[in-house]
Amino acid sequence: MKRIKIKELLKSGKAGESVVAKGWVRTKRGSKNVFFIALNDGSTINNLQVVVDVNNFEDALLREINTGAALSVSGKLVESAGSGQNIELVADQVELLGAADPEKYPIQPKKHSMEFLRENAHLRFRTNTFSAVFRIRHAMAFAIHKYFNEKGFNYLHTPIITASDAEGAGQMFRVTTLDAKNPPLTEDGAVDFSQDFFGKPTNLTVSGQLEGELGALALGEIYTFGPTFRAENSNTTRHLAEFWMIEPEMAFYDLKDNMDLAEEFLKYLIKYALENCMDDLQFLAKRLQEEEKDKPQDQRSMDLIEKLNFVLNNDFIRLTYTEAIDILKNSPYYKKKKFQFPVEWGIDLQSEHERYLVEKHFKCPVILTNYPKDIKAFYMKQNDDGKTVGAMDVLFPQIGEIIGGSQREENLEKLETRMREMHIPVEEMDWYLDTRRFGSVVHSGFGLGFERFILFVTGMGNIRDVIPFARTPKNAEF
RNA sequence: UCUCUAGUAGCUCAGUCGGUUAGAGCGGCGGACUGUUAAUCCGUAGGUCGUAGGUUCAAGUCCUACCUGGAGAGCCA
């Protein structure tokens, strides 16, 4: 008999059918004559209830049916006598595929702390919460490719190892095969990277954008979706040393086109989650609600599914940096001196300012545009005012900056001048500048932090819990 | 990196002003129970109190350093 996945059994299994199900024991409840096993195979958040007549099975076998053990069960589907499920499997045969010693198996049928499960990241997939999160993560990765494919974008594989460090997005991880203890030295005592694997210093990528622009100015629209590395000593709930980023780059798109794309893209993904991951979302929503019970009324956040629908059904607020500064300066928060950091035109907005705009003032996702040029990267489009650049940041409640992007400066001279001002090694970037020398056009792009987006969709609180194996300062387990 | 905070049983935690033999629930194990829903009930085992120093007649409790976790900030996606 062929194994049928539990998702399928629960959806279209009929009473009377003989089936085989395989999975892992979530809980076992017993009495003198009958056992109930909650069996889960990862295909769905929901368990299959297996009913075992104790008298038909060896005691030794029944003893091995513990939380975490893997079973193959064949039997007949019946309408459930108990409430809580429509259908259940009455076991004719139970085969123990893999035992799990109950004295040693760490995952118990009880609530565990996120910290404990993080330390047991190799087993946390077996919990309801994490199986839901990682099914949703998969669905979102798939939907990203689906969206761009439908829009005619090309998936461009930009390099993981790069010799360029001009993007300035953060500290980089050095990639080398040199002996760390005895590296070859040049005459003046510096490490001689000409003898390294690539013949020059190389690092893990912090962004595929610059290479992405090369693709966009030939293929029209491209996107990247791959791992990105930042060696920043950041210890927060929204930073990882290794994370996944989606970076679309589009020829002939100006800043408004760029914003339109970002908004449509995010809404497409949210819609996909609501249409395809409802079971998991409902589980996570319920979990969140229980967590929120302890909080005072005014600190509780919106129900997860309500929140997703809200973002889906409302236009993002678009305003310029200058307008945002005005709002902040006229806010009751500012007047009561509740902001810790100063608010002045020219400063970079602090978390508290972004949160005020998104969570208190607009209560809606916000797209901020046209930042002062001095706080943004060299490649951004210089506006006619001489003070600002065509940047855009999408800010989400709780998470903050989820997307950072801009229209790119397409004018060679302006770009070169700005690079010199910011001490970017122009000579090493010749390959990049060729895009502006030959057939340069208006173009734009942005970067979406995949894990930050997953945080938003799942309602999870810590970015380490939405990536299978988190890489953070002092932690590279598994 | 900075600020705050925590580390006690497998897990989640309590442990009062420094005082005698270290506490609970869950989980495990043994048993009971005719259909359970993280079942219930009875019993039982389980501890180098993060590590190293120090103060004290006496330290889980106070002090210092370090390690690790968490929250927030900075940096950013």
Side-chain angles (χ1 to χ4, degrees), chain A residues 25-38 46-55 63 66-68 78-85 88 90 100-120 127-128 167-171 206-209 224 227-247 262 290 340-341 348-355 375-377 393-396 399-405 446-456 461-465 467 472-475 477:
Chain A
V25 176
R26 278 289 158 76
T27 62
K28 179 185 74 174
R29 296 175 288 274
S31 65
K32 198 177 190 177
N33 294 315
V34 65
F35 273 4
F36 301 94
I37 301 165
N46 299 307
N47 301 322
L48 175 68
Q49 173 151 287
V50 176
V51 185
V52 176
D53 186 336
V54 172
N55 303 308
R63 252 167 222 287
N66 298 307
T67 299
V78 299
E79 276 179 39
S80 182
S83 59
Q85 59 280 317
E88 64 192 17
V90 177
D101 184 343
E103 292 199 56
K104 292 182 183 147
Y105 185 60
I107 311 295
Q108 304 164 1
K110 62 169 280 190
K111 196 167 193 167
H112 289 288
S113 68
M114 286 295 127
E115 293 80 18
F116 173 74
L117 292 170
R118 222 169 277 152
E119 281 166 21
N120 291 280
T127 65
N128 287 331
E167 217 258 337
Q171 287 288 111
V206 292
S207 163
Q209 181 200 314
T224 73
T228 308
F229 307 86
R230 307 261 168 102
E232 300 284 355
N233 190 11
S234 298
N235 295 285
T236 76
T237 52
R238 37 179 212 292
H239 287 87
L240 291 164
E242 176 182 303
F243 64 100
W244 288 63
M245 188 152 66
I246 300 101
E247 294 178 287
E290 274 161 29
Q340 202 191 325
F341 291 90
D348 208 352
L349 294 178
Q350 303 292 324
S351 288
E352 59 176 353
H353 304 141
E354 296 181 350
R355 292 188 73 136
I375 57 171
K376 288 290 179 184
D393 285 2
V394 180
L395 309 178
F396 263 34
I399 291 151
E401 186 180 344
I402 198 165
I403 278 180
F446 62 81
L448 169 70
F450 187 47
E451 284 78 16
R452 287 197 183 168
F453 179 69
I454 302 298
L455 275 182
F456 179 75
N462 192 313
I463 201 162
R464 290 159 211 197
D465 297 330
I467 188 166
T472 50
K474 302 254 153 64
N475 179 25
E477 291 301 307

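Only a predicted model underlies this, so the values are computations on that prediction, with no experimental measurement involved. The chains referred to below are lettered A, B, ... by the order of the sequence lines, with proteins before strands, and numbering in each begins at 1.
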Student: So what does A:R238 touch, heavy atoms closer than 4.0 Å: a base, only the sugar-phosphate, or nothing?
Tutor: base

Student: Would you say A:Q350 reaches B:G74's phosphate, i.e. side-chain N/O to OP1/OP2 under 4.0 Å?
Tutor: yes

Student: NA contact type, A:I403, heavy-atom cut-off 4.0 Å: base, sugar-phosphate, or nothing?
Tutor: sugar-phosphate

Student: Could you tell me the separation between the CD1 atom of A:I463 and the P atom of B:A71, rounded to a whole number of Å?
Tutor: 12 Å

Student: Please state the P separation for the pair B:G60 and B:A9 - nearest whole angstrom.
Tutor: 15 Å

Student: Between B:C26 and B:A39, how far apart are the C1' atoms? Round to whole Å, please.
Tutor: 14 Å

Student: Just wondering, do A:F36 and B:G35 stack (centres under 5.5 Å, planes under 30°)?
Tutor: no

Student: Hey, does A:S80 reach any base, or is it just sugar-phosphate, or nothing, if we go heavy atoms under 4.0 Å?
Tutor: base

Student: Nearest-Å distance, NZ (A:K104) to P (B:G10)?
Tutor: 14 Å

Student: Base, sugar-phosphate or nothing for A:G447? Non-hydrogen atoms, less than 4.0 Å.
Tutor: sugar-phosphate

Student: Taking the same atom, P, in B:G18 and in B:A6, what whole-Å distance lies between them?
Tutor: 16 Å

Student: Would you say A:S351 reaches B:G74's phosphate, i.e. side-chain N/O to OP1/OP2 under 4.0 Å?
Tutor: yes

Student: Classify the side chain of A:R452 and the base of B:C76 as holding, or not holding, a donor-acceptor pair under 3.5 Å.
Tutor: yes

Student: How should the glycosidic conformation of B:C17 be described, syn or anti, under the criterion that syn lies within 90° of 0?
Tutor: syn

Student: Tell me what A:P106 touches on the nucleic acid: a base, only sugar-phosphate, or nothing, going by heavy atoms under 4.0 Å.
Tutor: nothing

Student: Is A:N462 touching bases, backbone alone, or none of the nucleic acid, heavy atoms closer than 4.0 Å?
Tutor: sugar-phosphate

Student: Hey, are the side chains of A:H239 and A:R452 touching, using non-hydrogen atoms and a 4.5 Å cut-off?
Tutor: yes

Student: For the side chain of A:E115, starting at C-beta, report the closest nucleotide among B:U37, B:G69, B:G27.
Tutor: B:G69

Student: Over how many whole Å does the gap from A:L48 atom CG to B:U36 atom P extend?
Tutor: 18 Å

Student: Nearest-Å distance, CG (A:D53) to P (B:U36)?
Tutor: 16 Å

Student: From CD1 of A:I246 over to P of B:C76, roughly how many Å is that when rounded to an integer?
Tutor: 20 Å

Student: CG of A:L349 to CZ of A:R355: how many Å apart, nearest 0.5 Å?
Tutor: 14.5 Å

Student: How close or far is atom C1' of B:A77 from atom CD1 of A:I467, stated in whole angstroms?
Tutor: 12 Å

Student: Using atom P in both nucleotides, what's the gap between B:G53 and B:C49 to the nearest angstrom?
Tutor: 14 Å

Student: Out of B:G72, B:C76, B:A77, which has the shortest distance to the side chain of A:T237?
Tutor: B:G72

Student: Which part of the nucleic acid, if any, lies within contact of A:S113, taking any heavy atom under 4.0 Å across all strands shown: a base, the sugar-phosphate backbone alone, or nothing?
Tutor: sugar-phosphate

Student: What integer number of Å spans the P atoms of B:U37 and B:G47?
Tutor: 33 Å

Student: Closest to the A:S31 side chain: B:C11, B:G35, B:A77?
Tutor: B:G35

Student: Measuring from the side chain of A:Q49 (C-beta onward, heavy atoms only), which nucleotide among B:A77, B:U34, B:U37 has the closest atom?
Tutor: B:U37

Student: My understanding is that a pair needs two contacts under 3.5 Å, Watson-Crick or G-U wobble. By that rule, which nucleotide pairs with B:A71?
Tutor: B:U3

Student: Decide yes or no, distance alone: a donor-acceptor N/O pair under 3.5 angstrom between the base of B:U1 and the side-chain of A:N235.
Tutor: yes

Student: Measuring only the C1' atom in each nucleotide, how far is B:U68 from B:G28? A whole number of Å is fine.
Tutor: 27 Å

Student: Per the atom types in the model, does the base of B:G74 pair as donor or acceptor with the side chain of A:E232 at under 3.5 Å?
Tutor: no

Student: Looking only at side-chain N and O atoms, does A:R118 come under 4.0 Å of OP1 or OP2 in B:U68?
Tutor: no

Student: NA contact type, A:H239, heavy-atom cut-off 4.0 Å: base, sugar-phosphate, or nothing?
Tutor: base

Student: Please check the phosphate of B:U37 (OP1 and OP2 only) for any side-chain N or O of A:T27 closer than 4.0 Å.
Tutor: no

Student: Has the side chain of A:Q108 got a donor or acceptor that lies under 3.5 Å from a partner of the other kind on the base of B:G28?
Tutor: no

Student: For A:Q85, report the nucleic acid contact type (base, sugar-phosphate, nothing); a contact means any heavy atom under 4.0 Å.
Tutor: base

Student: Base, sugar-phosphate alone, or nothing: which one does A:F243 contact when heavy atoms must sit under 4.0 Å apart?
Tutor: base

Student: Identify the nucleotide, in any strand shown, that forms a Watson-Crick or G-U wobble pair with B:A9, with both distances under 3.5 Å; if there is none, say none.
Tutor: none

Student: Any side-chain N or O of A:R29 under 4.0 Å from OP1/OP2 of B:A39?
Tutor: yes

Student: When rounded to the nearest 0.5 angstrom, what is the spacing between CG in A:L117 and CD1 in A:I107?
Tutor: 5.5 Å

Student: Which nucleotide, if any, forms a Watson-Crick or G-U wobble pair with B:U44, using both distances under 3.5 Å?
Tutor: B:G28

Student: Look at the side chain of A:S234 and the base of B:C76, then say whether one donor and one acceptor between them are separated by less than 3.5 Å.
Tutor: no

Student: Any donor-acceptor pair, under 3.5 Å, between the side chain of A:K110 and the base of B:C11, if you only look at N and O atoms?
Tutor: yes

Student: Under 4.0 Å between a side-chain N or O of A:N233 and OP1 or OP2 of B:U1?
Tutor: yes

Student: Does A:E354 reach a base, just sugar-phosphate, or nothing at all? Heavy atoms under 4.0 Å.
Tutor: nothing

Student: How many whole angstroms separate atom CG of A:N475 from atom P of B:C67?
Tutor: 16 Å

Student: Any strand is fair game: report the nucleotide pairing with B:C57 by Watson-Crick or G-U wobble, both distances under 3.5 Å, or none.
Tutor: B:G19

Student: From CD1 of A:I107 over to P of B:A38, roughly how many Å is that when rounded to an integer?
Tutor: 18 Å

Student: Do the side-chain N or O atoms of A:R464 get closer than 4.0 angstrom to the phosphate oxygens (OP1, OP2) of B:G70?
Tutor: yes

Student: For atom P, what is the distance between B:G72 and B:U64, given to the nearest Å?
Tutor: 26 Å

Student: Rounding to an integer number of angstrom, what distance separates B:C4 and B:U51 when you compare their P atoms?
Tutor: 24 Å

